[in-house]
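Some notes on the structure that comes next.
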Amino acid sequence: MSAGDQETGEQRVRGAVRRHARARAFTEAEDVITAVLADPGVREARARVKAAETELGMELSTRLQPFQDRYNQAVTAGDADGLTGLCGGKHGRWGRICVLPDGHETSMEEPHWGRNSEGRPIAWVGSAPDDW
């Protein structure tokens, strides 16, 4: 076996070990996340957050519905200009559903607001990271 063949074999082994270690780390992380999310205290906290977001979403819906209407019209018409300048805020569960203008948190002093995939108004504070 030549030195080049041996090196290639060693590289394959190292690559396989890295892939195995990465797969094992992801599996362990998923197990930990599943255990944490199954905890009764965490489940209760998530339910309270969901209820508060839904309640606030309903409270703000009369005042903020015109923003949803403009968004819907822009989507229906394929109006890219009507969609530019929208908030990039991201809800951890529902994604980018905020229909308010970019910067609304300071200029309007409003939380993020939009409708979830179930069509219910929802309001939230903060933004989920882009890698979610």
Side-chain angles (χ1 to χ4, degrees):
M1 180 183 288
S2 72
D5 291 338
Q6 184 178 7
E7 188 174 316
T8 302
E10 288 177 12
Q11 289 173 341
R12 282 196 307 261
V13 169
R14 281 191 212 119
V17 168
R18 276 194 306 273
R19 286 189 300 276
H20 176 74
R22 184 179 304 135
R24 183 176 175 147
F26 279 118
T27 299
E28 289 176 6
E30 286 175 354
D31 290 346
V32 169
I33 290 168
T34 299
V36 168
L37 293 178
D39 179 80
V42 172
R43 293 175 75 146
E44 181 183 336
R46 288 180 71 178
R48 286 195 319 253
V49 167
K50 182 180 178 182
E53 289 177 342
T54 302
E55 182 180 335
L56 183 57
M58 290 296 293
E59 288 175 12
L60 296 172
S61 65
T62 302
R63 188 169 70 245
L64 299 180
Q65 183 61 41
F67 292 98
Q68 181 72 51
D69 295 341
R70 274 180 264 181
Y71 171 82
N72 292 345
Q73 289 170 352
V75 168
T76 301
D79 178 11
D81 290 336
L83 297 173
T84 55
L86 286 181
C87 174
K90 185 176 179 185
H91 188 275
R93 179 173 181 192
W94 303 108
R96 295 196 193 285
I97 61 170
C98 187
V99 296
L100 300 179
D102 193 24
H104 65 85
E105 292 173 290
T106 54
S107 65
M108 297 170 58
E109 296 184 358
E110 295 286 2
H112 297 290
W113 187 87
R115 292 191 180 269
N116 63 25
S117 61
E118 299 164 351
R120 295 189 182 120
I122 187 167
W124 72 100
V125 176
S127 186
D130 280 335
D131 58 356
W132 269 26

Euclidean distance, L37 CG relative to D39 CG, rounded to 0.5 Å: 9.5 Å
Value rounded to 0.5 Å, distance of CG in D79 from CZ in R70: 12.5 Å
State plainly whether one hydrophobic cluster holds both [X] and [Y], where clusters connect Ile, Leu, Val, Met, Phe, Trp and Tyr through side-chain heavy atoms under 4.5 angstrom apart.
X    : Y    : value
W113 : V75  : yes
L56  : I122 : no
V125 : L64  : no
L60  : W94  : no

N72/Q68 under side chain to side chain donor-acceptor pair (under 3.5 Å): CA gap, chis, key distance, verdict: CA-CA 6 Å; N72 292 345; Q68 181 72 51; 3.0 Å; yes
E110 to H104 - nearest heavy-atom pair and separation: O-ND1, 3.0 Å
G114 to V99 - nearest heavy-atom pair and separation: CA-CG2, 4.4 Å
R120 vs E53, side chain to side chain contact (heavy atoms under 4.5 Å, CB included): CA-CA, chis, key distance, verdict: CA-CA 10 Å; R120 295 189 182 120; E53 289 177 342; over 6 Å; no
Any donor-acceptor N/O pair, T106 side chain to G103 backbone, under 3.5 Å: yes
Which atom pairs, donor and acceptor, lie under 3.5 Å between side-chain atoms of residues 40-51 and protein residues at least two apart or in another chain?
from	atom 1	to	atom 2	distance (Å)
E44	OE2	R48	NH1	2.9

Please indicate whether [X] has more than 12 foreign heavy atoms, meaning atoms of other residues, nucleotides or ligands, lying under 6.0 Å from its [atom1].
X    : atom1 : result
M58  : CE    : no
F67  : CZ    : yes
E109 : CD    : no

Donor-acceptor contacts under 3.5 Å from residues 22-29 side chains, at least two apart:
from	atom 1	to	atom 2	distance (Å)
R24	NE	E28	OE2	2.9
T27	OG1	A23	O	2.9

Validation row: Y71, I97 side chains within 4.5 angstrom (heavy atoms): no
Residue from C98, P101, S127 passing side chain to side chain contact (heavy atoms under 4.5 Å, CB included) with C87: C98
